[in-house]
Amino acid sequence: MEDKQFDYKSAYEKERLKTADLSERIAKLEEERDEAIRKLDKIKTSKLWAISGPFRRFYHYVKRQNNRIRNLGSIRGIIAKIGYKKREKKAMSHFGTASFPDEAKRLEESQAVFPNMVKISILTPVYNTPEKFLRDMIESVTSQTYQNWQLCLADGSDDEHTYVGQIIKEYQEKDGKGRICYQKLKVNAGISGNTNECLKMADGEYIGLFDHDDILHPEALYVYVKAINEQGADYIYCDETTFHGNSIDHMETMHFKPDYAVDTLRANNYICHFSVFKRTLLDGTELFRKEFDGSQDHDMILRLTDEAKNIVHIPRILYYWRSHAGSVASGIEAKTYAIEAARGAVADHLKRHGYKHFKITSTKAFETIFKISYEIEGRPKISIVIPNCDHADDLRRCITSIKEKSTWDNYEIIVVENNSKTDEIRQYYKELTKEPWASLVKVVDFGSQDKFNYSDVMNFGIKHSEGDYIVLLNNDIQIITVNWMEEMLMYAQRSDVGAVGAKLYFPDRKIQHAGVILGLGAHRTAGHSHYGMEGTNLGYMGRLCYAQDMSAVTGACLMISRAKYDEVGGLDPSFAISLNDVDLCLKLRKKGYLNVFTPFAEAYHHESASRGLDDSGEKAERYNRESEQFRNKWKDILEKGDPYYNKNFTLDRSDFSVNVDGLGDTVLGDH
């Protein structure tokens, strides 16, 4: 007893000294940081810094372009990007002024009577706004086809920009209906403070947030009020585009967004504009919080979508975000403090949801697109279930990569032997029993079967496993990331998550899997996002660089808790070979679970080396049968479309190209 007490005291003293040492090191680092900040501030206030501004901006522009080209990976990647840009350019002509309503439609919409003719109060803080920008902004509101709006303008402009107030008063008189409210602020309180002042003027049931240099589509409010009446929306957002110059037709980038997806939103403020929400969602809280200036919208969106009961995404470009020197649209370099503010907003949101000891780091896509590392609770056992028939080399490579790469040590490997014929595989099974880590691997014999049924084989293997979590793994997978199990487990452990999928590459480092999109491909069943793109590609709006919610993930490398697997009945044997993994994911979605793709668990997939391709003869016929079965079973889901894949995208390509052929209906039609 005395020895134990002595050991305890020694350990305590050792930790105390270590803590003291770390505290001293932290203090020294903080001192060095403060000194570095002082030096940096001195440099930034110097004349040389001011003079060199244009050269720095040019350098960073060249650097960004170089990085973009490098991320495309090869000549083939560059050619593919050029093709994508051509299709995008063709599409852009449909989403600007060409999409505006004609006089007949304007009249129809302006005379429409909804059961609930809600007033939308649009909040716009103005500050030294250039006259052209200011007039464009105001006129985009006054030209709305829906008329029950209020424009609340709080003016923090300095004494050299008194014209701002004069122009606003001009429009007040022209409107003559009291819909434009204006207040000249005594003190400029920044974006957050000034917008909060706008809110004090607002008396609408719904609040809209609008930047002082941007433009609204004439039908924006009409479409939003339609969603409020028909769908009971209490938070609404739309697609958007950036533009330069004096015309919205000079588009730079169109952003077609997914429907509400909490993991996607945590990693990336994709919702952004044009946010309109029911005023009661604020429930006495602040609209914008000053401590998050620079990313106040991300903080607000995270808070209000947490409270919203019905978040509706309008898949139409209804917001035009002007790109100019000094705007966030022109690049994060314009407002570097936004990075820390965004990180703080996400951290605050995660704490509200009960998460602790998480890490938020920037990704290579963008400084404000984040990787979130959740704390792993306990040390649960993971069962890696691998079906196998012959192909000793594939299986050896797979198991060796697991053993050599994995940092998680509480796992077992269940090899489900199925109809192997060769002596080579039998010999490898014997080798496994002689390895120092033989206790980690168990070979279970499914027995002979006339036709291979992946679902039956995997369900059998899982019954013979012991883990709290299960990994479905193909025998032609080769692990790349050392902490791949941790990266998947941190999501699989969450009570709201069903299946978690990894980022898979072909051996030439092109993308094989980055999440599954419903309806994609010739069979209109499901296809892989970004399929065949270079592995260095950032993906559409950086989507290859951060974890996000998807409708489904591939069973080639999928993690799920045993409890949730059993809850939905495991893999459906009626899908013998194909689409059983997508079916599993949709069953999880039906139960209310999220499916997550993470790019931070990576592996090579030597695809179809084990069973061949499904493009001819009996295999093609079988795939056609299972595709038809899948389309019938999930008909309603497929008709609605994948919520994580915008309706404006084509289903014929996996590179997020706009559906150019269907633009007439998509742009102008009702959603």
Side-chain angles (χ1 to χ4, degrees), residues 119-144 146-218 220-221 243-248 273-276 279 282 286-290 292-294 296-297 300 319-330 334-335 337-338:
K119 178 187 279 190
I120 298 179
S121 294
I122 300 170
L123 313 186
T124 306
V126 294
Y127 176 75
N128 297 349
T129 314
E131 180 175 350
K132 168 67 176 170
F133 299 175
L134 183 62
R135 290 187 182 277
D136 284 351
M137 179 271 293
I138 295 174
E139 289 172 11
S140 77
V141 176
T142 59
S143 64
Q144 289 294 305
Y146 181 78
Q147 293 294 304
N148 194 16
W149 51 261
Q150 177 189 32
L151 178 59
C152 303
L153 302 162
D155 183 9
S157 300
D158 58 32
D159 294 340
E160 296 179 8
H161 295 79
T162 55
Y163 68 82
V164 171
Q166 293 166 3
I167 291 172
I168 293 171
K169 287 172 184 175
E170 173 193 325
Y171 281 100
Q172 282 180 311
E173 292 173 6
K174 191 182 294 185
D175 177 58
K177 299 177 183 178
R179 295 182 299 179
I180 300 176
C181 303
Y182 171 71
Q183 181 184 354
K184 179 68 176 81
L185 302 176
K186 293 179 180 178
V187 178
N188 176 34
I191 296 173
S192 296
N194 294 356
T195 307
N196 289 338
E197 290 300 319
C198 291
L199 182 61
K200 292 176 183 178
M201 293 183 262
D203 56 19
E205 303 99 299
Y206 278 74
I207 303 296
L209 301 174
F210 189 28
D211 288 349
H212 69 155
D213 46 7
D214 295 340
I215 294 174
L216 283 179
H217 189 287
L221 297 186
F243 74 98
H244 64 274
N246 292 325
S247 171
I248 62 169
H273 304 116
F274 167 53
S275 284
V276 169
R279 188 177 190 137
L282 287 171
E286 282 186 289
L287 174 60
F288 284 161
R289 298 192 285 180
K290 189 166 181 59
F292 299 110
D293 260 354
Q296 66 285 334
D297 52 346
M300 179 276 298
Y319 192 94
Y320 301 92
W321 190 2
R322 193 188 300 269
S323 177
H324 61 91
S327 71
V328 176
S330 67
K335 294 184 179 180
Y337 61 89

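Note: hydrogens, waters and symmetry copies are ignored here, and every other heavy atom, side chains too, is used. Treat the numbers as computed from the prediction; the structure is a model and nothing was measured.
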*Report yes if some heavy atom in the side chain of Trp149 is under 4.5 Å from a heavy atom in the side chain of Arg179; otherwise report no.*
yes
*Using the test salt bridge (Lys or Arg N to Asp or Glu O under 4.0 Å), find all partners of Arg279 that sit at least two apart in sequence or belong to another chain.*
none
*What is the minimum heavy-atom distance between His212 and Thr129, and which atoms define it?*
ND1-OG1, 2.6 Å
*Identify, with sequence neighbours excluded, every residue that meets salt bridge (Lys or Arg N to Asp or Glu O under 4.0 Å) alongside Lys169.*
none
*Quick one: pull up CG in Asp158 and CG in Asn128 and give me the separation to the nearest 0.5 Å.*
4.0 Å
_Min side-chain heavy-atom separation Leu199-Leu282 under 4.5 Å_ = yes
*asked:* Can you tell me how far apart CG (Leu153) and CD1 (Ile122) are? Round to the nearest 0.5 Å.
replied: 9.5 Å
*What pairs of residues pass the ring-ring contact (aromatic ring centres under 6.0 Å, His included) test when at least one of them lies in residues 153-194, not counting sequence neighbours?*
His161-Tyr163
_Least distance between heavy atoms, Leu216 atom then Tyr319 atom_ = CD2-CD1, 3.7 Å
*Counting distance only, does the side-chain N/O of Gln144 pair as donor-acceptor with the main-chain N or O of His217 below 3.5 Å?*
yes
*Could you grab the distance from atom CD1 of Ile138 to atom OG of Ser143, nearest 0.5 Å is fine?*
12.0 Å
*Considering all heavy atoms of both residues, which atom of Gln172 and which atom of Ile180 are nearest to each other, and what is their separation?*
NE2-O, 2.9 Å
*So how far is it from Leu221 CG to Tyr146 OH, rounded to the nearest 0.5 Å?*
8.5 Å
*How many angstroms lie between OG1 in Thr162 and CD1 in Ile167, if you round to the nearest 0.5 Å?*
9.5 Å
*Identify the two heavy atoms, one from Leu185 and one from Ala154, that lie closest to each other, and give their separation to 0.1 Å.*
CD1-CB, 4.0 Å
*Side-chain donor/acceptor of Gln150 to backbone N/O of Met201, under 3.5 Å*: yes
*Considering non-hydrogen atoms only, spot the tightest contact between Ser157 and Val164 and give its length.*
OG-CG2, 3.7 Å
*Under the salt bridge (Lys or Arg N to Asp or Glu O under 4.0 Å) rule, collect the residues that match up with Asp159, sequence neighbours excluded.*
none
*Check the pair Asp293 / Tyr337 against side chain to side chain donor-acceptor pair (under 3.5 Å), numbers first and verdict last.*
CA-CA 8 Å; Asp293 260 354; Tyr337 61 89; over 6 Å; no
*asked:* Strictly by salt bridge (Lys or Arg N to Asp or Glu O under 4.0 Å), give each pair with a member in residues 193-209 just once, sequence neighbours left out.
replied: Lys119-Asp203, Glu197-Lys200
*Does Arg135 come within less than 4.0 Å of Glu170, counting only side-chain N to carboxylate O?*
yes
*Atom CG in Leu209, atom OG1 in Thr195: separation rounded to 0.5 Å?*
7.0 Å
_Minimum heavy-atom distance Cys181-Gly178, with the two atoms named_ = SG-O, 4.2 Å
*Considering residues at least two apart in sequence or located in another chain, which fulfil the salt bridge (Lys or Arg N to Asp or Glu O under 4.0 Å) criterion with Asp136?*
Lys132, Arg322
*asked:* Could you check whether any side-chain N or O of Lys290 sits under 3.5 Å from a backbone N or O of Ala189, counting only pairs where one atom can act as donor and the other as acceptor?
replied: yes
*For residues Lys174 and Thr142, determine if any side-chain heavy atom of one lies less than 4.5 Å from a side-chain heavy atom of the other.*
no
_Below 30° counts as parallel, above 60° as perpendicular, anything between as tilted: where do the rings of Phe274 and Phe210 land?_
perpendicular
*Is Ser140 reaching over with its side chain to a backbone N or O of Ile215, donor-acceptor style, under 3.5 angstrom?*
no
_Main chain of Phe288, side chain of Ser192: is a donor-acceptor contact present, judged purely on distance under 3.5 Å?_
no
*Are any of the side-chain heavy atoms of Val126 and Met137 separated by less than 4.5 Å?*
yes
